[in-house]
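Report on one structure; see the data block that follows.
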Protein chains: 2
Amino acid sequence: MHVIKENTRQTIIDLSIKLFARSGYANVSVRDIANAVGIKPASLYYHFDNKQTLYLASIKESFSLKASVLAEVLQMQAPAEIKLKHYIYKLTELASEDESFRRLLQREMLDGDEKRMQYLAEKVFQEQFNALGMLVAEIDPDCDPHMSAISILSLVLYHLETAPIRVFLKGHKKEHDQVDYIARHVFKLLMNGLLQTSKDAL
Amino acid sequence: MHVIKENTRQTIIDLSIKLFARSGYANVSVRDIANAVGIKPASLYYHFDNKQTLYLASIKESFSLKASVLAEVLQMQAPAEIKLKHYIYKLTELASEDESFRRLLQREMLDGDEKRMQYLAEKVFQEQFNALGMLVAEIDPDCDPHMSAISILSLVLYHLETAPIRVFLKGHKKEHDQVDYIARHVFKLLMNGLLQTSKDAL
DNA sequence: AACCACCTAACTAACAGTTGTTAGGCATTT
DNA sequence: AAATGCCTAACAACTGTTAGTTAGGTGGTT
């Protein structure tokens, strides 16, 4: 019955990422995944040991793809402020266009056990996080790189996380969800604080 | 067998908040809740129509308690910068000591349907969000209040959200999870940006 | 060319356990 | 007597997972 020999394993992972990101681990059954792929539930167990393993493969796939792109920006040769601006833009862009990645990360922050957190920290985010901290330290040698790096990430990612509720809050405009607008706002805030008296960004 | 007549309904809600916050809606069974309360699953259905209703009662309870405390700070008579500093501190404190509230909010952001988002926006957060926006506008009349308000919330809340992974990231110190430290960092950043050349905060 | 063994990738059918929920009963209080 | 607050027992639906089977492709031997 199985006509063409495609890369089923990859298809399973891709669709799992989508489903897990949308509904969360507990709300996606192996039958849901099998249906999406177009095979029977039992067939999933040929490719993966169990649901947990499939989930882990999914988040690893989703997360490891992002790190490399952002690492590039941080390694480019330019003044610190320019690099920061580029980083913010790229981060906003990535997190904005790949909703699955962002939601999986959000979910992991809530439900990931210690072991998985440690894995993510050390194998996926560590390098990039350090580089970002060092970049900030270049701009202000006296700051706390850890806190400042998190602050940068928070400004970008939280804007996107809160999108579902922000659209109902007064003062919402459609620009508020556009990459350029968010990135520019964040960069300006980081440079000048709330007071935008001095030099204009971009 | 049931000895004393307490306020079971409230106990159910309190424990549900805790459980739903910790594990999420799908990962908490009505049996789990019943066990925690010390009654049989069927007895829950005397107090609540179904699981959904119980969940809704839980988040309403958890969320509505917070709004009033923060609203107070915003109504006090003081220079804008002082009010902002107090607000940041109070928000950090609240979000830090009530982990259930924070986690429920995180979960709602991921899984709340449109109707619930609208409810939360209009009935719970709207007023406070506006007040915060106006406060920021007082400090800088040219800013976008919506964006700036979210930025303030993001700086505080994301620090706390990321705690599970931050502890494994290099450069982490235990101060990074203390209310004072976070609040001071956020306020300084908002006032001066990353450059802390000028006046010192606090 | 024809046969065989083997591997791959799917299938059917069923399992034991958990889920939310309901019907009906029993005891205590008003 | 009525209402309250809990109970026991059971329900159908759904869960992750397994055992056993089958169809098609591959490579080696006759």
Side-chain angles (χ1 to χ4, degrees), chain A residues 1-61 104 107-108 110-113 115-116, chain B residues 1-61 104 107-108 110-113 115-116:
Chain A
M1 198 57 66
H2 41 294
V3 195
I4 312 171
K5 182 163 137 184
E6 303 249 0
N7 194 347
T8 309
R9 194 192 140 90
Q10 190 59 43
T11 308
I12 295 173
I13 289 187
D14 291 344
L15 290 171
S16 294
I17 289 175
K18 207 168 152 184
L19 290 172
F20 284 137
R22 181 199 297 159
S23 312
Y25 183 81
N27 279 310
V28 176
S29 70
V30 294
R31 282 169 179 79
D32 292 336
I33 298 172
N35 282 342
V37 177
I39 58 178
K40 299 293 159 182
S43 306
L44 287 176
Y45 288 81
Y46 173 78
H47 298 278
F48 299 93
D49 283 350
N50 50 41
K51 192 187 177 188
Q52 274 286 344
T53 307
L54 169 55
Y55 175 71
L56 251 102
S58 300
I59 59 171
K60 285 188 185 181
E61 170 94 0
L104 279 182
R107 293 193 184 280
E108 275 301 298
L110 279 166
D111 296 320
D113 59 12
K115 224 180 73 186
R116 227 150 61 206
Chain B
M1 198 60 62
H2 41 295
V3 195
I4 312 171
K5 181 164 139 185
E6 304 249 0
N7 194 344
T8 310
R9 196 192 137 91
Q10 191 58 44
T11 308
I12 295 172
I13 289 187
D14 291 342
L15 290 171
S16 293
I17 289 175
K18 207 169 150 185
L19 289 172
F20 284 137
R22 181 198 297 158
S23 312
Y25 183 81
N27 279 310
V28 177
S29 70
V30 293
R31 283 169 179 80
D32 292 336
I33 298 172
N35 283 342
V37 177
I39 59 178
K40 298 293 158 183
S43 306
L44 287 176
Y45 288 81
Y46 173 78
H47 299 278
F48 299 93
D49 284 351
N50 50 42
K51 192 186 176 187
Q52 274 286 342
T53 306
L54 170 54
Y55 175 72
L56 250 101
S58 300
I59 61 171
K60 284 189 186 180
E61 170 93 0
L104 278 181
R107 293 193 184 282
E108 274 303 298
L110 277 166
D111 296 320
D113 59 11
K115 224 180 72 187
R116 227 149 62 206

Checklist outcome for this item: Contact string for nucleotides 12-22 of chain C, one letter per nucleotide 5' to 3', B = base within protein heavy-atom range under 4.0 Å, S = sugar-phosphate only, - = neither, reads B-B----BBBB
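Within the 4.5 Å cutoff, the side chain of A:Leu56 has heavy atoms near those of the A:Gln52 side chain. Counting heavy atoms from C-beta on, the side chains of B:Leu110 and A:Leu110 come closer than 4.5 Å.
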Item to check | Test side-chain hydrogen bond (donor to acceptor under 3.5 Å, both in side chains) applied to B:Asp14 and B:Thr11, step by step | outcome: CA-CA 5 Å; B:Asp14 291 342; B:Thr11 308; 5.8 Å; no
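Here A:Asp111 pairs with B:Arg107 under the salt bridge (Lys or Arg N to Asp or Glu O under 4.0 Å) rule; sequence neighbours left out. In this structure, the ring-ring contact (aromatic ring centres under 6.0 Å, His included) partners of A:Tyr55, at least two apart in sequence or on a different chain, are A:Phe20, A:Tyr25. In this view, B:Arg31 satisfies the salt bridge (Lys or Arg N to Asp or Glu O under 4.0 Å) rule with no residue, not counting sequence neighbours.
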Checklist entry - How does DNA chain C look in dot-bracket form if you count Watson-Crick and G-U pairs under 3.5 Å, write [ ] for pairs that cross, and put | where a base pairs with another strand? => result ||||||||||||||||||||||||||||||
Please output the side-chain donor-acceptor pairs of residues 39-49 of chain B that fall under 3.5 Å, not counting sequence neighbours, one pair per line with the distance.
residue, atom, partner, partner atom, Å
B:Ser43, OG, B:Lys40, O, 3.4

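Looking only at distances, a side-chain donor or acceptor of A:Asp32 sits under 3.5 Å from a matching main-chain atom of A:Ser29.
To the nearest angstrom, C1' of C:dA10 lies 8 Å from CD1 of A:Ile39. If you take CZ of A:Phe48 and C1' of D:dG16, they are 16 Å apart, rounded to a whole angstrom. Between the CG atom of B:Asn7 and the C1' atom of D:dG5 there is a distance of 13 Å, given to the nearest Å. Nucleotide D:dG16 holds its C1' atom 17 Å from the OH atom of A:Tyr55, rounded to whole Å.
Contact annotation: A:His47 reaches the phosphate of C:dA10 (side-chain N/O to OP1 or OP2, under 4.0 Å). Between D:dG5 and B:Thr8, no contact under 4.0 Å exists linking OP1 or OP2 to a side-chain N or O.
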